[in-house]
Each structure stands twice: as C-alpha cells, then as structure tokens.
Visitor: 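I'd like to ask you about the structure that follows.
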There are 4 protein chains.
Amino acid sequence: MSAERVARGDARRDLMDIAIDCFARYGFQATSIDRIAKAAGLTKGALYYHFKDKEALLFAAVTKRLSQFERRVVTDLAAVPDPATALREVARVCLDHATKSNHRRMIVTLMVEAIDTNPRLAAEFRAMMHRFRMFLKRIVQRGQDSGQFRADIAAGVAAEVFTGAIMGAEIQYYQDPRTFNLAATITAFIEQFINWLSAPAPGSPRPLRAHRAAEQRSRRKSS
Amino acid sequence: MSAERVARGDARRDLMDIAIDCFARYGFQATSIDRIAKAAGLTKGALYYHFKDKEALLFAAVTKRLSQFERRVVTDLAAVPDPATALREVARVCLDHATKSNHRRMIVTLMVEAIDTNPRLAAEFRAMMHRFRMFLKRIVQRGQDSGQFRADIAAGVAAEVFTGAIMGAEIQYYQDPRTFNLAATITAFIEQFINWLSAPAPGSPRPLRAHRAAEQRSRRKSS
Amino acid sequence: MSAERVARGDARRDLMDIAIDCFARYGFQATSIDRIAKAAGLTKGALYYHFKDKEALLFAAVTKRLSQFERRVVTDLAAVPDPATALREVARVCLDHATKSNHRRMIVTLMVEAIDTNPRLAAEFRAMMHRFRMFLKRIVQRGQDSGQFRADIAAGVAAEVFTGAIMGAEIQYYQDPRTFNLAATITAFIEQFINWLSAPAPGSPRPLRAHRAAEQRSRRKSS
Amino acid sequence: MSAERVARGDARRDLMDIAIDCFARYGFQATSIDRIAKAAGLTKGALYYHFKDKEALLFAAVTKRLSQFERRVVTDLAAVPDPATALREVARVCLDHATKSNHRRMIVTLMVEAIDTNPRLAAEFRAMMHRFRMFLKRIVQRGQDSGQFRADIAAGVAAEVFTGAIMGAEIQYYQDPRTFNLAATITAFIEQFINWLSAPAPGSPRPLRAHRAAEQRSRRKSS
DNA sequence: TATGAATGAGTCTTCATTCAT
DNA sequence: CATGAATGAAGACTCATTCAT
C-alpha cells in the first residue's frame, strides 16, 4: 500500500494534491478524510500528523492554489503593457488553469459551497474575488487613461462582467467537459469584451444609449 | 407546534419551500432532513411521510423550480418577436429570479455540487442547461436569419457566452450581495452582448443605424 | 437486547442512572458513551436522541444527584431545631448516600476530576460546595447564638472542617469499602466535632489556648 | 528546541516532574503523552526512550512522590516523642506538601481516579493509605499507652478520622485555592482532634492528670 | 397524517505506541 | 538519545432512515 506512494516525496504534498483533486470534484463536505488518506496510501492518522484539522488541510490547499493562480496572473502580466493583450492573457491563464489542472475548479466549487457554510473560507474567497476584480479594473483603467478604451464605461462593472463571464463559462465546462467548448466560449467572450471596451473609431458619433448614461452615473458614485 | 405552520396549506408544500431555501444556501449535503423538518414545524417522520427519500425531496424541489423558471422564460418570451428584446427579457427574468427569490441560487448551488456527486441530478442539470442554451441559440439564430445579428458568429457559442456571463455574475452576487451590483453587471453585459451580435464582421466598415436597417431589409429578401 | 430493558420505563431515566453509576466509578472521561448505551441495552444513537451531548448527560446526572442530595438534606433538617442534632442528621444523610447509593461517590469523583479539566462543571461543584458549607455554617451559628456552642470558634472554619472530614472519610471508604468502616469513622468524627463545638461545662474555666499550652508544658515535665 | 530544557539535567527527571505536575492537575487519562513531552521540550519518541509506557511513567512518578512523602513524614517524626506534637507535625507536613508543591494533589487526584480504573495503581494507593493510617494509629496508641490520650477511643478509627479530615480539607483547597483557607481548617481540625483525644470519656468526671494515669494503669492490667 | 424512539453506518478526531534513522 | 513519520484502535458525534403507535 505505502509502496504506491512516490519515494521520499513529501507525504504532505501528496496529501494536499489529492485533497485539491477531491475538493475540486466533490467539494469540502463530501470529501472524507479517509478518502484522501487512502488515496495517498496512508491512514487517517498520518493525515492528522500533517494537518491539524480537515479545515487546516482545506486552507492549506486553497491558499496554495490561490497564491499559485494569483502569482501566475501577476507574473505573466507584469511585462504586458497593452491592456487588451493583458486581458487576453488573463483569460488565457484562466483557460489554462481550468482545463489543464483542477486549480480553478477547486476554487469555484469551494467558493460556491462555502458561501453560507463556512464563513471563514467564504471571507477568504470574497477577498480573493475582490482582489481579482481590482486587478482587472486597474487594467481597464489603464486602457481608458491611454485612450485605448472608451472612458464612458465603469471599469469596476467591466471587471465584474469579465470575472463572471469567465467563471460562468468554466462552470458549464466542468459540468459537461466533453461537449462544452471552453476555449471557444472564452475566446468569443474576450473578443466581444475588448471590442466593447475599445473606443469607437474617431470621428464616428458616440453611440449613445439611454442606459449608458445610467451606467455613467453609477460609476461616478462608486468612484 | 404544528400550529405554527400556515393554515391548511399542504405540509408538503411548506416542506418543499423550506427545502428549496436550505438547498439554495447550504446545498444538498449540508442540509439535514432535521433542519428542514424543524423549520417546517414538523418532525422527521412527517417528512418521510411526504417524501420517500431525501433525494425525492431534492428532485421535487429542483423540478418545481426548474419548471417554474423555464415556464416563466418561455411564457414571457413567446410574445417577443425581436431577438434583442428577447435576450434582454431573458436577462431580466434571471435577474429577477436571482434577486427576488432563491430560485436561481438553488439551481446554481446544486448544479455545482451535483457535478461529481449526484449523477442523476447532474444529468438533470446538464439537460436543463442544454435546453437553456438551445433556447438562446434559437433566439440568436432568429436574429441572424432576420439580418439583425451578424451571421459570422456561432450562435451556439453566443448562447454559451450569454449563459456563463449571467451565471458568473449571479455567483458573485450570491457571494457578496451587499457589495455586488448584479443589476448593473447584467445590464452592462447584455448591452455589450447585443452590441457584439449587432456589430459588423471585423474588417467591414462600421455600419450606421440607418444603413443597418437597410442592410437588414435587403438581407431578408435575399434569404 | 432491547428486551433486557424494563418495559415502558423511560429509556432516558435508565440511561441517566447507568451514567451516574459509571461516572461514580470511572469518572467522566473514562466512561464511554458506548458503555452507557450498551449497559442500557441501547445504541449510541439512542443516547444521542435523549441527550445532546456527553456533557449534557453529565450535567443532567450531576444536577439530578445534587438536587436530590440538597433537597434531602434540607427536607430532613427543616424540622430539626437543635443544632447538634441537625449536624448529626447531616452526617447521617451523607453516610446514607455514600453507602446505600452512588450519589455521593459520583459527586466526589467528578468533583476531583473536574477541577482543572472541566471549568463549567468545576464551577458547578464549587458553588455546590459553597452552598453546603454555608448551610453548615448557619447551623453552627444558630448553636452559637443560642449559647449551645461556644462562640470563640469561627463558624465558617467549622463548616470547612466538617465538610472535609466527611468527604475524606468517604474517599477512604470508596477506596476500600470492605475494610474501611465508614459509619464508625463518621460517627466518631461527628461526636468529636460536636464535643468541640459544645461550650465547656458551666463553671469550669474556658480552656483557652494559653492555659492549654501551660498544661502541656507541665504535662511534659511530669511524664 | 531541546536547548530550552535545563542544562544536562536528566531529561528523565524533567519528564517525571512535568508528568507529576500534569497528573496532579488533570489526572492520568486526561494527561496525554504529547503534552508531557512538549512541555519538556522533547518529542514523544524521547519519552518512550525513557519510559516503556505511559503507565511506567505514572508508576515512576507516583512512587517518587509517595516515597518522598513517606520518608519526610517518617524523618520529621522520628525524633518527636510527644504524640500530640507528632500529630501536629504530620498535619504540618501535609499542609506543606499540599500548598507548596503538588505532591499531595497528585496523590489525591490519582487515588480517586484509580479506584475502579487502574487496579494496580489502586492497590498501590490502598497500601499507602493503609500504611499512613497504621502510622497514625501507632502514634495515637503511644499516647494512650502513656495516658496522655484517653483509652476509650479506637486508635484505628482515630487514624481514619484524621486521614479523612486532612484529605477532605485538601480537596476543598484544590477546588478553590483562592478562597479556601487550608491552613486554618487544618489547624482547627488538629486542635479539635487532639482535644478530643485528650478529653475524658463522656459521662465520667473530667479526670485530672493523676487520675488518668491511674486509669490507664488499671486498664492495662484488666486487658 | 404525524410523532417519538431508535438504529447503524459513517465521519472526524485523539492518542498511545512503534520504528527507521 | 532523540526525532519524524506513521499506525490503528477507540471514542464522540451526525444523520438518513425505519417503525410502532
């Protein structure tokens, strides 16, 4: 049994990776300590040697993934000056993390589960989402400042739209990975989004619409 | 004790409504039979009189909400010939169900939870999502057929983008109802989305409204 | 299995009685829920139906015994005007509860265990002990007020001595019930105690400490 | 980590001292091997190097304290010829060990816990208590033989009363060290006790020293 | 219809103990 | 001497479910 585990490789790491896997698929409550331990070729006792709690394991896992994701986003985008490219990059990283690993799925799954079920974790996720939207908002604002993006859009709302569209696409994908084409959906969205943000061709009349004015107003309040 | 429950109104209905409430907030597994029964002013035994199973209750609840939602969408939109208006209407109904009741939240919550946890329920939700996207796809196609929407967009992908954006916005809202402005986000998205659908294929000159209408007309003739 | 339990008799009562028995002998921590349940011919689940917690069972048991004991003490002594007789009665009731049931042993055992182990229970016991000493103190004071007991003794200290002597005797008895003669010990103590409290024969000089010391000294010489 | 431990001083001794501390406060079962080890700045493994067992540690600790206590009692009293003084000395040593260290508390705590929980330890304590009472009994008998104490009291019962009174006082003190005045209680008791032993048999006229000696002598003859 | 009592399987957690290094 | 890693048994507690009344 213990032979199944890899050499000297930290049992702790194994445990966490397996936990992440399970949390991504089944959520927190439906993942039993026993399942994780067994999958790691260990006993429950061993798990409790490495983690104080089921919750400690959860937090370790979440923190690991969260920081990985955020570091990756930040790293990949530090060198990208063009806002549109930056947004495309963010989308690409999300797509990557959603399809090639269970990073994003774990986050999404736990986030939904935690809302009214685990206040502490919920707070963590709320903060994370906030950071993510702030990050996007700043990119949008940069574009607006440089005149590349139109200024009559609330950057915060844009960030919310972006965040939601990615996450919603992911969920559809997790639900039906064989049928749902996540890449196509995200690509379509991102182009649509950038197109929307991009200023109209100079000279052409600004396409006003009643509701835009409203948007404008709400934005003013929030700023 | 039972006096607290409302009038003659079927205990069954009470039970289901409460179950929906709990499922929406805590999900299926974290909602105990006892919690529902107690909230309904009954004992567990009574619940088992009305429902064979915890799962039976779940399915009853889900089916009720699902059919309500779908009926509402279909009903409200049967009379809407204009595709753009129809899309706006769909968004409005979603917004409504997300903010004024727990209809949508229950669906989203259970959907995420069920994916790898309850195959039967997952199938149900997959089918529901499929129907919803098909429904949207047809609206988009109608728009494309009428020349109102550009034809170089895959209607299916558009439906996926739409579905995801709404759902992703909702989740952000459920996570942080006091801070997140769901209405603004959905409104912004829907306009962006319709704008995207209405825009000319990239490369072609951006058409003015008047031209578009003309185009539209000539397109209809040629089809 | 369930046949072993008595007819309709509240399972709850059975459970508590058995719990009291076990707590008296093994203390709280060493008494497993399972042992109690099995001894009652039930399963753990049944126990948890009747008591929220192991602690709830503990408190129910303690409260029951405590109030029984205190009620008995108060009842038996309401009609006893003579302080000396009252004290003898208290001792008799303690002896009774210590030898004919496990009332007192449970209290003593849990009290010692709880001190630094269960703050809430410890507080309960502290309060109980306090009440008991106050009760004794008042009896002593009554005797002092009536001139039956000498006034140069601190009533509070007398209560402490009394309480300790009874409890200490009990513990020796619990430790070695076959050898230790609890009745004799308690009787001897109570007579000694009352003798001590009783005022010296009228006319004879009150044996003050100073005199005693003198006595002592002269005594040593003569031996 | 191990640097925190004092100098060269045998880890074994440290371990035992800490164990005694914990046993005194929490008893045997509630004291985990881990707690002791950590408090000693070691790991569980090290503890198992020094002691075969948790029980081995327990017995080592108990034996150490017991022999210390008994040695001290015997040592301090070897040179005390006067029985009353000897009794006062015993009480003083108990008071000392109860207030200035956890010697006595450990004994009392474990004794109560062990009764029906650890037969071997219980036997040890039974024997210890027996020895202690025998020791006291001999002192009382010495007093009776010398005519200093009245002869109509069973020396064994007197020993039991004494032992119980001290122990009962201690427990009240352990339970409530800030409020309970152990010194006063023990002092009051010991004076009362000696007074009792020294008093004439009830009914007979209070005998003067001379008479008592005579009584004593005649009594010896008749027995 | 509904209740109260009970079951039993499953889950989290603790802890004494072992052992290779 | 000592540690770090791990085990396995036992214990507390939860919960869906059953059933006589």
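Letters go in sequence order (proteins before strands), and every chain restarts at 1.
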Visitor: For DNA chain E, whose closest nucleotide is more 5', that of A:Glu55 or that of C:Thr43?
Guide: C:Thr43
Visitor: When the nearest nucleotide of DNA chain E is assigned to A:Lys54 and to D:Lys44 on a heavy-atom basis, which residue is associated with the more 5' position?
Guide: A:Lys54
Visitor: Going by an N to O cut-off under 4.0 Å, is there a salt bridge joining C:Asp116 and D:Arg105?
Guide: yes
Visitor: Return the value, rounded to whole Å, for the distance between atom CG of C:Leu42 and atom P of E:dG8.
Guide: 11 Å
Visitor: Within the structure, does a side-chain N or O atom of B:His50 lie under 4.0 Å from either OP1 or OP2 of E:dA2?
Guide: yes
Visitor: Please report the distance, rounded to the nearest Å, between CG in A:Leu58 and C1' in E:dC12.
Guide: 14 Å
Visitor: Would you tell me if any nitrogen or oxygen in the side chain of D:Tyr49 comes within less than 4.0 Å of OP1 or OP2 on F:dC1?
Guide: no
Visitor: Between C:Ser67 (side chain only) and C:Lys64 (backbone N and O only), is there a donor and an acceptor less than 3.5 Å apart?
Guide: yes
Visitor: Between F:dA10 atom P and A:Ile33 atom CD1, what is the distance in whole Å?
Guide: 21 Å
Visitor: Provide, to the nearest angstrom, the distance between the CG atom belonging to B:Asp34 and the P atom belonging to F:dA16.
Guide: 8 Å
Visitor: Whole angstroms only, please: what is the CZ-P distance between C:Arg12 and E:dG4?
Guide: 14 Å
Visitor: When both hydrogen-bonding distances must be under 3.5 Å and the geometry is Watson-Crick or G-U wobble, what is F:dT21 paired with, if anything?
Guide: E:dA2
Visitor: Between C1' on E:dA6 and NZ on C:Lys38, what's the gap in Å once rounded to a whole number?
Guide: 16 Å
Visitor: Find the distance A:Phe51:CZ to E:dT13:C1' and express it as a whole number of Å.
Guide: 16 Å
Visitor: Before accepting this row, confirm whether a basic side-chain N of the pair A:Lys38/A:Asp34 lies closer than 4.0 Å to the acidic partner's carboxylate O.
Guide: yes
Visitor: For E:dC12, which nucleotide in any strand shown is its Watson-Crick or wobble partner with both distances under 3.5 Å?
Guide: F:dG11
Visitor: Under the 3.5 angstrom rule, does the side chain of C:Glu113 hit a backbone N or O of C:Gln29 as a donor-acceptor pair?
Guide: yes
Visitor: Roughly how far, to the nearest 0.5 Å, is CG of A:Leu57 from OH of A:Tyr48?
Guide: 9.0 Å
Visitor: Please figure out whether D:Ala46 or C:Thr31 has its closest DNA chain F nucleotide nearer the 5' end.
Guide: D:Ala46
Visitor: If you check the C:Tyr48 side chain, which of E:dA6, F:dT14, E:dT17 turns out closest?
Guide: F:dT14
Visitor: Could you state the NZ-C1' distance from A:Lys52 to F:dA5, rounded to the nearest angstrom?
Guide: 20 Å
